[in-house]
Amino acid sequence: MRSHKVTRGIDRAPHRSLLGAAGFHPRELDQPLIGVVNSANEIVPGHIHLDDIADAVKAGIRIKGGTPVEFSTIGICDGIAMNHAGMHYSLASREVVADSIELMVEAHCFDALVFITNCDKITPGMMMAAARLDLPAVIVSGGPMLAGEHRETKIDLSKLFEAVGAARAGRISEQELEEMTASACPGCGSCAGMFTANSMNCMAEALGIALPGNGTIPAVSSRRTRLAKEAGMQVMELLNKGLSIRQILVRDAFENALAVDMALGCSTNTLLHLTALAHECDFKLDLDQVNRVSERTPQLCLLSPAGPNHIEDLDRAGGVPAVMNELVGAGLLHSGLVTVTGKSVGENTAAAKTVDRSIIHSVKEPYRPQGGLAVLFGSLAPGGAVVKQGAVSASMQRFEGPARVFDSEEHAVAAINNNEIEAGSVIIIRYEGPRGGPGMREMLAPTSVLAGMGLDEEVALVTDGRFSGATRGASIGHVSPEAAAGGPIGLVSDGDLVSIDLPGHSLELKVAEEELNNRLKKWCKPEPKINHGYLKRYAGQVSSAGLGAVLGDIADEEAGDT
């Protein structure tokens, strides 16, 4: 046991004394020490109840003869950080989450880990830490929020952001906006649609590093508490079997995750985080593979923001296991892979049933024949760009228009609010990537205002930043290389024609190469918008989104190329 390094032998008497001072009984120190990583705090609705989840996890560990040792990490709410300087810090916090867990685990020699998470950057940060540490481990989330209700219609946070645009356009009153504000988020849990948090918690299931039900059981359900106890018990089984995370996170597990991603219609941010997670497993997630998986995997669910259904509906219909059962039956998953249950993917999903075909369609009668996401390549995005194609209307699948260029989200939003954007335009928002932002802010404000004004089917938006999982419409993000790394998006001028072809997976800037070369000669790398503290260090070390916005060697190589 790793923990024997701090609990056994004459030389460890001082260590045992310190552990005794923390209240540990000698009998507890004879048992495996299981780290319980808890991201609870009092500001994130997805995390306010995680102390209760932690208590359940610790009960499960004790049932199976382990000693739980809880410690904390940070958690930022993307919704609260949205539309102001706070959003610069959201993606960047993913690395702090992963690093802080690594520091705690390596310093204190835990034998195994349970990660208690929920929201956008915390879940992928914990996944990255799990892969880096390669111990027996289980991910367990706090579960999704229930949808709100407004005038007999289910709503969620994305509808509220869109309502801001509707209020600005005079389509609803400020009084109705405030009514929606009071009802959109009715309680604890990650926001109710297939946004980034729920997408990543479903990805944990698909990868095999979380128990079935992790992505969809509502936060307020007693089933969630029981799942947490099962996670605590199951980590002890993994420890006894010597089954560590990287034995589960093999290449084919990532292909499974991509297939489930496509079937569910998950957030574009899943590709950012799965790429970073693959990097922690010492291999590269090929973005071309994303399109190959998408082309053969139909979209079986149409969840908010793409459709009217919410995560609670998906759970009621059978959850991720039912979706995976559909895919296994069609030969679209590697069903023999081991998972944290100790069973294979096929064994986990064999008994899962779809009980509501209006929520989970069959492979033979899908919502769409292809998956929910696509990666675009071309002269504007040589390193790739990502779009949630399942949330783009048929009329916008192919689109060409003149560019309206903005060097920040704020300038773009101001132009939209001042009615300066004409139908048929392609809004370019640049210098919002991992380096240029810094921190790769989500562009939910401009997309939701466009949707609220009814322009989401008349205007496209392209950015080297990213989008909230709550975004819908022709919103293309993660353009790589980003502008701050010398990418072509930094060379676009107002009026340049931009061509978008989602079925063809292309994103082209229709400007002659000679002209672009002339512009490149005049281009100067700008200073980061925030040039102090943590973000100064982050901007100097982070890669573009196409490489997962990771820190270290990849970022150094990319910087050398540009």
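Since we're looking at a predicted model, the values are computed, not measured. Basis for what follows: all heavy atoms, side chains included, without hydrogens, waters or symmetry-related copies.
- Panel note: side chain Arg466, backbone Met440; a donor-acceptor pair is recorded below 3.5 Å.
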>> Between Ser379 and Glu508, is the side chain to side chain donor-acceptor pair (under 3.5 Å) condition met? List the steps.
In response: CA-CA 5 Å; Ser379 57; Glu508 301 289 348; 2.8 Å; yes
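- A donor-acceptor pair is defined here as one N or O able to donate and one able to accept, closer than 3.5 Å; no such pair exists between the side chain of Asn201 and the backbone of Asn214.
- Salt-bridge check for Lys521 with Glu514: failed, with every basic side-chain N at 4.0 Å or more from each acidic carboxylate O.
- Checking Ile428, Val413, Ile427 one by one against Phe406, the side chain to side chain contact (heavy atoms under 4.5 Å, CB included) holds for a single residue, Ile427.
- Without hydrogens or angle criteria, Gln299 side chain to Arg368 main chain gives no donor-acceptor distance under 3.5 Å.
- A side-chain donor-acceptor contact under 3.5 Å links His47 to the backbone of Ser39.
- The main-chain N or O of Val375 is found under 3.5 Å from a side-chain atom of Asn291 such that the two form a donor-acceptor pair.
- Looking only at distances, a side-chain donor or acceptor of Asn118 sits under 3.5 Å from a matching main-chain atom of Gly142.
- Under the 4.0 Å criterion applied to side-chain N and carboxylate O atoms, Glu95 and Arg537 are not assigned as salt-bridge partners.
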>> Set out, in order, the CA-CA distance, both residues' side-chain angles and the distance that settles side-chain contact (heavy atoms from CB on, under 4.5 Å) for Leu516 and Glu513, then state yes or no.
In response: CA-CA 5 Å; Leu516 289 177; Glu513 186 174 351; 5.6 Å; no
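- A 6.0 Å sphere centred on NE2 of His411 holds no more than 12 heavy atoms belonging to other residues, nucleotides or ligands.
- Considering only heavy atoms from C-beta on, Arg168 comes within 4.5 Å of Asn417 through its side chain.
- Side-chain contact check for Val323 versus Leu314: some heavy-atom pair is nearer than 4.5 Å.
- More than 12 heavy atoms of other residues, nucleotides or ligands sit less than 6.0 Å from atom CZ of Arg296.
- Judged purely by distance below 3.5 Å, without hydrogens or angles, the side chains of Ser199 and Ser267 never pair a donor atom with an acceptor atom.
- Scanning for side-chain hydrogen bond (donor to acceptor under 3.5 Å, both in side chains) contacts around Ser90 gives Asp78, with sequence neighbours left out.
- From Glu457, atom CD reaches atom CG of Leu450 across 12.0 Å, with rounding to the nearest 0.5 Å.
- Between Tyr89 and Tyr534, the ring center distance fails the sub-6.0 Å criterion.
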>> Working note: Asp286 + Arg292, criterion side-chain contact (heavy atoms from CB on, under 4.5 Å); need CA distance, chi angles, decisive distance, verdict.
In response: CA-CA 10 Å; Asp286 183 0; Arg292 292 195 295 271; 3.9 Å; yes
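- For the pair His273 and Arg94, the minimum side-chain heavy-atom distance is below 4.5 Å.
- Looking at Ile530 and Pro438, their side chains come closer than 4.5 Å, going by heavy atoms from C-beta outward.
- Between Ile311 and Phe195, the closest side-chain pair of non-hydrogen atoms is not below 4.5 Å.
- Glu515 has a carboxylate O that lies under 4.0 Å from a charged side-chain N of Arg519, or vice versa, which qualifies the two as a salt bridge.
- Considering only heavy atoms from C-beta on, Leu373 comes within 4.5 Å of Met262 through its side chain.
- For the pair Glu482 and Arg430, the salt-bridge criterion is not met [side-chain N within less than 4.0 Å of a carboxylate O].
- Contact of the Ile122 side chain with the Asp120 side chain is not registered, since no non-hydrogen atoms from C-beta on lie closer than 4.5 Å.
- Of the possible donor and acceptor atoms, none in the side chain of Thr270 sits under 3.5 Å from a partner among the backbone N and O of Cys266.
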>> Set out, in order, the CA-CA distance, both residues' side-chain angles and the distance that settles side-chain contact (heavy atoms from CB on, under 4.5 Å) for Met194 and His310, then state yes or no.
In response: CA-CA 7 Å; Met194 189 53 82; His310 294 85; over 6 Å; no
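- To the nearest 0.5 angstrom, Tyr367 atom OH is 9.5 Å from Leu300 atom CG.
- When only modelled atom types and interatomic distance are considered, Gln397 and Gln389 share no side-chain donor-acceptor pair under 3.5 Å.
- Salt bridge status for Asp464 with Arg441: absent, with no side-chain N to carboxylate O gap under 4.0 Å.
- Classification of Arg151 and Glu179 as a salt-bridged pair holds, one side-chain N sitting under 4.0 Å from a carboxylate O.
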> Should Thr73 and Ser100 be marked as a side chain to side chain donor-acceptor pair (under 3.5 Å) after you check the CA-CA gap, both sets of side-chain angles, and the distance that decides it?
Replying inline: CA-CA 7 Å; Thr73 187; Ser100 64; 3.0 Å; yes
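- Listed for the Ser543 side chain is a donor-acceptor partner under 3.5 Å among the backbone atoms of Val550.
- Under a 3.5 Å cut-off, the side chain of Ser480 and the backbone N or O of Gly546 do form a donor-acceptor pair.
- In this structure, CD1 in Ile359 is found 10.0 Å from CG in Leu302, a value given to the nearest 0.5 Å.
- Formation of a donor-acceptor pair under 3.5 Å by the Arg435 side chain with backbone atoms of Gln541 is not found in this model.
- For the atom pair CE (Met200) and CG (Leu272), the distance works out to 9.0 Å, reported to the nearest 0.5 Å.
- Between Glu149 and Lys154 no salt bridge is recorded (no basic side-chain N to carboxylate O distance below 4.0 Å).
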